[in-house]
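Here is the structure we will look at.
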Amino acid sequence: MDRRKFIGDLGSPVFAVCAVCLGACSKSSSSPSGGGNPVTPPTGVNFNVDLNSQLTTVGASLIQSGVIVVRLAAGNSVSSFTALQALCTHGFGFNVAYHSNTNNFICPHQGSTFTTNGTVTQGPAPSNLKAYNIAISGSVMTVTG
């Protein structure tokens with residue numbers, strides 16, 4: 001068999017297999033943004049943070065119960081902190097990280113960015129991060145939602 005005929009005969013089955021593979025890799029209807037699995041933010045969140053020993057410096061963060069809590073400013077007022085779902089809404093299982101130099105949250109996997117109140121400012125994340133309630137009594141912060 002000559003080389004051109006062999007390659008021609010081989011081409012059709014290879015093309016068919018590639019078409020099936022590409023179809024399987026396309027965006028699914030359950031995730032229109034082409035992301036991973038749909039993300040459900042944590043519910044029933046209720047935990048305390050001791051501000052005498054945790055989050056003592058501006059920019060410090062902790063993740064607990066699927067929530068990232070960050071100190072944004074000095075002082076123990078509610079406006080000095082934010083509490084958001086930690087898992088990026090793009091659905092690949094990566095937690096966002098706070099970047100104090102840009103004052104936003106960034107997903108290390110796809111680069112999605114969010115404001116300190118959870119609003120998505122750059123995709124591919126399809127939706128905002130859920131914000132949680134913060135209450136402070138003395139040096140104890142309670143996060144709920």
Side-chain angles (χ1 to χ4, degrees), residues 6-145:
F6 176 76
I7 292 173
D9 290 346
L10 183 65
S12 294
V14 169
F15 176 75
V17 169
C18 288
V20 170
C21 289
L22 289 173
C25 293
S26 69
K27 298 176 184 175
S28 71
S29 61
S30 66
S31 185
S33 68
N37 298 319
V39 175
T40 302
T43 58
V45 171
N46 187 348
F47 63 88
N48 293 328
V49 177
D50 179 356
L51 297 176
N52 286 327
S53 61
Q54 297 174 290
L55 304 176
T56 57
T57 60
V58 174
S61 65
L62 66 83
I63 295 178
Q64 187 171 329
S65 302
V67 176
I68 184 168
V69 183
V70 177
R71 178 183 281 279
L72 302 173
N76 285 355
S77 66
V78 170
S79 63
S80 296
F81 300 90
T82 190
L84 304 170
Q85 82 181 62
L87 197 58
C88 180
T89 59
H90 197 222
F92 285 102
F94 287 84
N95 287 333
V96 296
Y98 178 68
H99 290 255
S100 59
N101 56 333
T102 55
N103 197 37
N104 64 3
F105 291 87
I106 301 175
C107 176
H109 184 255
Q110 294 286 340
S112 295
T113 61
F114 304 86
T115 65
T116 57
N117 66 3
T119 303
V120 64
T121 56
Q122 176 180 318
S127 57
N128 298 336
L129 299 172
K130 178 180 177 179
Y132 292 84
N133 300 316
I134 295 173
I136 298 176
S137 178
S139 62
V140 176
M141 173 195 306
T142 303
V143 179
T144 58

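These numbers were taken from a predicted model, which means no experiment stands behind them.
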Donor-acceptor pairs under 3.5 Å, side chain of residues 92-99 to any protein atom, not counting sequence neighbours: which ones?
{"unit_1": "Y98", "atom_1": "OH", "unit_2": "N103", "atom_2": "OD1", "d": "2.6"}

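- Partners of T113 by side-chain hydrogen bond (donor to acceptor under 3.5 Å, both in side chains), not counting sequence neighbours, listed by chain and number: T121.
- Closest non-hydrogen pair, G123 versus S112, comes out as C-OG, 3.4 Å.
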Enumerate, atom names and distances included, each donor-acceptor pair closer than 3.5 Å involving a side-chain atom of residues 59-73, sequence neighbours excluded.
{"unit_1": "R71", "atom_1": "NE", "unit_2": "L55", "atom_2": "O", "d": "2.5"}
{"unit_1": "R71", "atom_1": "NH1", "unit_2": "A73", "atom_2": "O", "d": "3.1"}
{"unit_1": "R71", "atom_1": "NH1", "unit_2": "G75", "atom_2": "O", "d": "2.7"}
{"unit_1": "R71", "atom_1": "NH2", "unit_2": "L55", "atom_2": "O", "d": "3.3"}
{"unit_1": "R71", "atom_1": "NH2", "unit_2": "N76", "atom_2": "OD1", "d": "2.9"}

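- For T116, there are no side-chain hydrogen bond (donor to acceptor under 3.5 Å, both in side chains) partners at least two apart in sequence or on another chain.
- Of all non-hydrogen atoms in S127 and F114, the two that sit nearest each other are O-CE2, 3.6 Å.
- In this structure a side-chain-to-backbone donor-acceptor pair under 3.5 Å is missing from T89 to L129.
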Anything under 3.5 Å between a donor and an acceptor, one on a side chain of residues 40-52, the other on a protein residue two or more places apart or in another chain? List them.
{"unit_1": "N48", "atom_1": "OD1", "unit_2": "T142", "atom_2": "OG1", "d": "2.7"}
{"unit_1": "D50", "atom_1": "OD1", "unit_2": "N52", "atom_2": "N", "d": "2.9"}
{"unit_1": "N52", "atom_1": "ND2", "unit_2": "S139", "atom_2": "OG", "d": "3.1"}

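- Side-chain contact between N128 and V120: present, with at least one pair of heavy atoms (C-beta onward) separated by less than 4.5 Å.
- N117 places a side-chain N or O within donor-acceptor distance of the main-chain N or O of T119, the cut-off being under 3.5 Å.
- For S79, the side-chain hydrogen bond (donor to acceptor under 3.5 Å, both in side chains) partners at least two apart in sequence or on another chain are S77.
- To the nearest 0.5 Å, atom CD1 of residue I134 and atom CZ of residue F81 are 7.5 Å apart.
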